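Values below: all heavy atoms of this structure, side chains included; hydrogens, waters and symmetry mates excluded. Computed from a prediction, not measured in an experiment: that's the story for all the values here. Position 1 is the first residue of the sequence; numbering continues from there.
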Amino acid sequence: MIGFIVKKFIGSKNDREVKRLRPLVAKINAFEAELQKVSDDELRQKTAAWKEEVSRIQDNEELARRLSDILPEAFAVVKNACRRLCGTDIIVREHPLPWEMIPFDVQLIGGYALHSGRISEMATGEGKTLVATLPVYLNALSGRGVHIVTVNDYLAARDSEWMGAVYKFLGLTVGCILHDQPPSVRREQYNCDITYGTNAEFGFDYLRDNGMATRKEEQVQRGHYYAIVDEVDSILIDEARTPLIISGPAVITYDEQYANFRPQVEGIYHVQERLCARFLSEAQDLIRKLRPEDGSNPENREALERQAGLLLFRVKCGQPKSEGLMKVLEEPENLRLMNQAELQLHADQKKTELYAEKEELFFAIDEKSHEADLTEKGRNHLSPKDPDAFMLPDLSTALHDIDAGPEVDPRKRLEAKTKLQQEFETKAQRIHAIGQLLKAYCLYQKDVQYVVQDNKVIIVDENTGRLMSGRRWSDGLHQAVEAKEQVAIERETQTLATITIQNYFRLYHKLAGMTGTAETEASEFFDIYKLGVLVIPTNKPVARNDLNDSVYKTRREKYNAIVEEIKEVHSKGRPMLVGTISVEVSEHLSRMLKRE
């Protein structure tokens, strides 16, 4: 209550910060008014003079102080350049686009937030792209290179041409990193004052420079001074743990094993499918006993709840993507039963009951860690005549036994060791191939994680839904999915270099970002990247009425509500864009709409 009263009278911390920056905005506008009297050449001379002075500063703290000193005038130079471009046509992606943008006062505040290493949260349509020109110009004067990170190649190319008109007018150079550019071209783009590109292109260039280049002349990047990330919440939070991986052909491959073991794995998969269907049916029978139609309280309620929970947990371990299980778990009470049973199993330090429950299955799947393990039951099913087929020998002990044995002929001892190592590798590869095939069948769904086109398995980006042609899962997983779909199996790859998006952006001396939704993740941004968030007010009061989110208990109810909303809007003759998280959901909604 006290906090609400204080906020009402003196404003929130964000409001106070915006108010504090108003005098700086007035100072920028005063400089800009004076600059309207100078010629184009005189305006460009300011860039040349600042660049010559600032690029000589080596100390980071001294550089930061000097940039802060010239910030008001530098921002005014950019604003004035925008004013001078008004009425001209800019060629953007081979089409003329009239320039009619001059930064508003709130955009100047957004520019300051970006320069100070914060995230500018700006509403859609408030001009984030233009805002970036202010801090980009200022920091590019250092000569250390500024990177603007976009979400796709088209935006990188578009913005480098569109906003590049301002930079080039003021005498700075602009580059753009695009897919399939050769190293020589990439090096030229990075040597520009300002470089646009996607997070993947910047990240992969870093990996190639530090993991594959053998000489300095082969490297393309020249440092990581300052980066501005567009749609920062998507890149730095949603994709933070996504690894960027450069892979190459494996030295030793066993690609044929995936095709050889596919029938066996497909067989055990269907056997487990039937087993889990039985467990699910038994669980549903118990759930009905727990909730009799007359509303009475059944005897042995706790025992029934535990048994139903254990059966649901078995299905979760055996068929985590089961549609039947998903449907049952749409009821919160059923989900509670399963989670409670799982919690009790994990509470035992020895995990005796947990292992016993998993042994009821042929194999157990851990959806979170993407692991698949055969149980004793599964091993006996796949290899009933050879109980040791999936048991790896203790190689070091076995080799020692050969050395300590009665055989004195060194050649025969070497032959025995070679044979032992070959048997070990054969078993290890068999276990690995079957494990990857189990993951392919149980965790990777067609038209969700991948699609099949032209006899090839193509990965679907889980964040954007776009096809990632040319990308392949490593460690034999892609070959396992290819075997599952019975398409041509390409050669296995191995990881040569890798880095996560999160770790890559931590390399930058100064980092900033722009988005329309950052305040809700403000604590995460600060904890991980030490980035503050400043919410920039709109230039004019918002006329749009933002409604509250609608939350549904089940997916069925949610999808039905979406269809009803689409029908209502469509009946008024208005178009509607429906965004989903996967190809599967898009097709599901499409089928529902066609039925209507």
Side-chain angles (χ1 to χ4, degrees), residues 24-51 54 67 70-115 120 122 124-142 145-148 150 154-176 189 192-197 226 228 230 514 536 538-540:
L24 174 65
V25 171
K27 194 173 181 181
I28 294 169
N29 288 332
F31 273 121
E32 200 272 329
E34 291 296 320
L35 289 172
Q36 293 177 29
K37 303 172 186 176
V38 306
S39 66
D40 290 355
D41 288 337
E42 288 176 305
L43 192 68
R44 294 189 188 99
Q45 284 171 7
K46 286 188 171 293
T47 300
W50 279 331
K51 194 173 180 183
V54 174
L67 290 180
I70 64 174
L71 183 147
E73 194 172 358
F75 277 25
V77 166
V78 176
K79 182 172 181 177
N80 189 254
C82 293
R83 189 183 301 278
R84 292 173 191 241
L85 286 172
C86 284
T88 62
D89 284 346
I90 311 299
I91 303 300
V92 179
R93 310 310 292 147
E94 301 180 357
H95 295 284
L97 190 66
W99 183 278
E100 43 194 23
M101 296 182 292
I102 302 170
F104 297 120
D105 289 355
V106 290
Q107 290 176 309
L108 299 177
I109 294 172
Y112 176 81
L114 292 175
H115 169 71
S120 284
M122 300 181 71
T124 303
E126 288 296 299
K128 294 189 288 291
T129 306
L130 182 65
V131 166
T133 59
L134 300 158
V136 166
Y137 169 79
L138 175 61
N139 286 272
L141 297 172
S142 67
V146 174
H147 297 167
I148 299 96
T150 64
Y154 170 77
L155 290 177
R158 185 202 71 176
D159 292 353
S160 68
E161 294 172 358
W162 196 15
M163 298 300 113
V166 178
Y167 306 129
K168 290 173 183 176
F169 180 85
L170 292 171
L172 295 177
T173 56
V174 183
C176 181
Q189 307 307 306
C192 292
D193 298 311
I194 300 151
T195 307
Y196 284 82
Y226 180 47
I228 294 179
D230 192 14
M514 309 177 289
I536 310 301
T538 54
N539 184 48
K540 292 182 179 179

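Leu35 contributes atom CG, which lies 6.5 Å from atom CD of Glu73 (distance to the nearest 0.5 angstrom). Rounding to the nearest 0.5 Å gives a distance of 8.5 Å between CD1 of Ile228 and OH of Tyr196. Distance check: His147 NE2 to Asn139 CG gives 12.0 Å after rounding to the nearest 0.5 Å. To the nearest 0.5 Å, atoms CD1 (Ile148) and CG (Asp230) are separated by 10.5 Å. A distance of 5.0 Å separates NZ in Lys79 from CG in Leu108, rounded to the nearest 0.5 Å.
Applying the salt bridge (charged side-chain N to carboxylate O under 4.0 Å, His left out) test to every pair with at least one member in residues 162-173, sequence neighbours left out, gives no pairs at all. Screening residues 94-114 for salt bridge (charged side-chain N to carboxylate O under 4.0 Å, His left out) gives no qualifying pairs among residues at least two apart or on separate chains.
Checked against side-chain contact (heavy atoms from CB on, under 4.5 Å), Asp40 has the following partners two or more places apart in sequence or in another chain: Arg44, Arg84, Phe169. Looking at residues two or more places apart in sequence or on another chain, you find a side-chain contact (heavy atoms from CB on, under 4.5 Å) between Ala140 and Val146, Leu172, Asp193, Ile194. Residues passing the side-chain contact (heavy atoms from CB on, under 4.5 Å) test with Gln36 are Glu32, Asn80, Arg83, sequence neighbours excluded. Considering only residues two or more places apart in sequence or on other chains, Ser39 meets the side chain to side chain donor-acceptor pair (under 3.5 Å) condition with Glu42. In this structure Tyr154 satisfies the side-chain contact (heavy atoms from CB on, under 4.5 Å) test together with Arg93, Asn152, Arg158, sequence neighbours excluded. Partners of Lys540 according to the salt bridge (charged side-chain N to carboxylate O under 4.0 Å, His left out) rule, which considers only residues two or more places apart in sequence or in another chain, do not exist here. Under the ring pair (Phe, Tyr, Trp, His ring centres under 6.0 Å) criterion, His115 pairs with no residue at all, not counting sequence neighbours.
Residue Pro96 comes nearest to Ile91 through the heavy atom pair CA-CD1, 3.9 Å, listed as atom of the first residue, atom of the second, then distance. Shown here for Asp89 and Pro98, the closest heavy-atom pair between the two residues is OD1-CA, 3.4 Å. Contact between Gly175 and Ser160 at its shortest, heavy atoms only, is O-CB, 4.2 Å. Among all heavy-atom pairs drawn from Met122 and Glu126, the shortest one is CE-O, 3.5 Å. Taking both residues in full, the closest heavy atoms of Leu24 and Tyr112 are given as CD2-CD1, 3.5 Å, listed atom of the first, atom of the second, then distance. Minimum heavy-atom separation, Gly164 to Val174: CA-CG2, 4.0 Å.
Within a 6.0 Å radius of NZ in Lys51, more than 12 heavy atoms belonging to other residues, nucleotides or ligands are found.
Contact of the Val77 side chain with the Leu43 side chain is registered, since non-hydrogen atoms from C-beta on lie closer than 4.5 Å.
Without hydrogens or angle criteria, Gln189 side chain to Thr195 main chain gives no donor-acceptor distance under 3.5 Å. A side-chain donor-acceptor contact under 3.5 Å links Gln107 to the backbone of Phe104. Judged by distance alone, with hydrogens and angles left aside, the side-chain atoms of Glu161 form no donor-acceptor pair with the main-chain N or O of Ile90 at under 3.5 Å.
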Ignoring hydrogens and angles, write down the donor-acceptor pairs under 3.5 Å from the side chains of residues 127-138, residues two or more places apart or on other chains.
residue : atom : partner : partner atom : Å
Thr133  : OG1  : Leu130  : O            : 2.5
Tyr137  : OH   : Thr47   : OG1          : 2.7

